[in-house]
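What follows is a set of notes on a single structure, which appears directly below.
Every chain is numbered from 1 and lettered A, B, ... according to where its sequence line falls, protein lines coming before strand lines. All heavy atoms count here, side chains included; hydrogens, waters and symmetry mates do not.
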Amino acid sequence: MPAQGRPSDDTSDEDLMLAYAGGSAASFDRLYARHKGPVYRYLLRHCGNAATADELVQDVWTNVIRARATYAPTAKFTTWLYTLAHHRLVDHWRVSGQAGFVSIDDDDDGSPRERVHAIHGSRIDEPETRVASGQIGARLVRALAELPAAQRDAFLLQQEAGLSLAEIAKLTGAGDETVKSRLRYATAKLREALEDLQ
Amino acid sequence: MTVPERDPALDAAWRAHSTELPPPSVDAAILAAAHREVASRPRAAGDDDTLAEAREPSRWWWGLAAAATIGAIAFGVVQLAPFGTAHDPTRATDMPSAERTARPADVLAPMIAEETARTKAQGTSTAPAAFAPNEPRASEEAQAARAPEPAPAAKTGSAPLPPPAGTRQRAEAPALPSAERDAPPPPQTPQPFPMAAAPVPAAPPASVPTVKQEDVATAAVASAPVAERAAEVMAKRASPTADSALAAAEASAEGRVAALRTPESYVLRIRELHEAGRLDEAARELVAFRNAYPDADAKLPPSLRAWAATIQK
């Protein structure tokens with residue numbers, strides 16, 4: 001589950017969304033308070049630009065608001081929410097001409113491709129990437145930026161969204177084993193970035 | 001499916017250093033959009049209290065707004081409605097207007113003037129000043145007179161509408177005796193004041209053919225004792241013969257003139273005649289005064305009472 005933004009009440013996300021679909025604005029307030037940080041960080045880590053992240057996060061929540069009338073709790077709300085975010089990110093990359101998840105997917109051998117770094121290599125020098133305090137935060141952000149987008153996406157969906165392996169697989173349309181491999185490689189890479197500090 | 005092994009140290013480090021949040025402006029924009037979306041659509045049952053309270057103020061003034069709107073419409077309708085119908089001379093109504101009934105002196109003034117002119121024509125010596133239409137005393141006397149029913153539509157200076165033909169016929173038809181019903185109607189004198197033709201409850205008996213409606217109306221103005229006397233005169237007119245009717249008519253004219261005179265006018269006239277040495281005329285005036293007012297001697301001044309005692313009653 002997301003580490004931050006969770007209210008103390010135990011009302012489920014699905015119930016809050018249904019209540020909002022029924023006209024309860026307060027339910028949306030609670031829902032937004034729970035997920036605004038993780039969704040924002042998910043988008044920010046991917047695009048590496050705060051202004052773009054602001055735009056994308058507004059689009060994602062606007063889609064949530066518009067889809068409230070047709071929302072049906074057939075799946076976990078978090079899965080549905082990050083599916084919207086994932087699709088919005090793909091659209092963003094497609095419009096901007098970046099490869100995104102398309103061509104950098106599945107490096108089963110665990111070695112990140114060079115173009116990953118070409119796409120996101122300069123992000124660590126941008127101000128928004130220096131938000132993380134201390135060396136650990138900086139190294140983590142830099143290491144995450146060097147990961148292939150698919151591995152980074154799997155890692156962020158696990159850490160920020162709190163999704164399970166199966167939920168990540170369903171969301172990304174990849175196989176379970178593929179997702180498991182991505183998570184394994186991502187974790188190993190990030191651990192390496194922190195070895196000399198531990 | 002087995003969960004990939006997770007590094008607790010890595011998870012803790014990530015959570016500790018990944019704390020960014022969207023800027024407040026983004027939060028406000030998203031929440032505002034969400035609230036707008038909810039507010040613009042009908043609510044389902046079980047709304048939250050915040051929204052219910054937000055809608056509450058608009059409910060109570062809706063009633064006031066509706067009442068104000070209805071009031072404004074009603075006021076507009078009243079303003080657009082026809083106004084001043086009481087002053088419209090072309091509008092016929094059965095209800096006497098307040099203006100007409102509030103000025104009996106004006107109504108009686110033409111009657112008095114007519115009676116004065118008729119008296120002069122008959123050679124009766126009366127005091128014209130006492131019957132001036134605008135003389136206050138005459139007006140007060142006219143108001144004091146018990147008129148059973150105010151005459152309609154006789155304002156000075158206005159063009160009165162002619163009375164309906166049926167009204168005059170109804171007033172005169174019962175007065176025709178059975179023997180003369182087939183005879184041609186007697187010529188009627190022109191009536192300058194149509195209001196005089198109005199029917200009066202104190203109508204004469206039905207068998208008198210020569211009684212004019214204006215006479216009846218004039219007699220209605222008289223005071224109570226004079227009215228009784230006029231009734232006696234009218235009773236005399238009930239004779240079927242034409243001579244007695246003519247005599248009754250003459251007596252009625254005198255009685256009406258006497259009835260319209262005030263005691264003060266009698267006293268003033270008697271005093272003038274007495275001081276002028278015209279004692280015969282003064283005596284006739286005293287007799288007329290006594291006929292009109294049984295207590296005429298008591299109304300005389302002390303200077304005339306000794307002389308009046310010598311006049312035979």
> Which pair of non-hydrogen atoms, one from Leu21(B) and one from Gly37(A), has the smallest distance, and what is that distance?
Replying inline: CD2-CA, 3.5 Å

>> In the structure I gave you, are the side-chain heavy atoms of Ile30(B) and Tyr32(A) within less than 4.5 Å of one another anywhere?
In response: yes

> If you measure from CZ on Arg15(B) to CD on Gln159(A), what distance do you get to the nearest 0.5 Å?
Replying inline: 6.0 Å

>> So which atom in Tyr20(A) and which in Ala34(B) form the shortest heavy-atom distance, rounded to 0.1 Å?
In response: OH-O, 3.0 Å

> Would you say the side chain of Tyr40(A) lies within less than 4.5 Å of the side chain of Val26(B), judging by non-hydrogen atoms?
Replying inline: no

> Is it the side chain or the backbone of Ala29(B) that comes within 4.5 Å of chain A heavy atoms, both, or neither?
Replying inline: side chain

>> Taking side chain as everything from C-beta outward and backbone as N, CA, C, O, which of these in Leu156(A) sits under 4.5 Å from a heavy atom of chain B? Side chain, backbone, both or neither.
In response: side chain

> Is there side-chain contact between Arg139(A) and His17(B), with heavy atoms separated by less than 4.5 Å?
Replying inline: no

> With a 4.5 Å heavy-atom cut-off, do Ser18(B) and Glu160(A) have their side chains touching?
Replying inline: yes

> Rounded to the nearest 0.5 Å, how far does CG of Leu43(A) lie from CD of Glu20(B)?
Replying inline: 12.5 Å

> Is there side-chain contact between Ile65(A) and Val38(B), with at least one heavy-atom pair below 4.5 Å?
Replying inline: no

> Are Arg41(A) and Trp14(B) side-chain neighbours, meaning at least one heavy-atom pair lies under 4.5 Å?
Replying inline: no

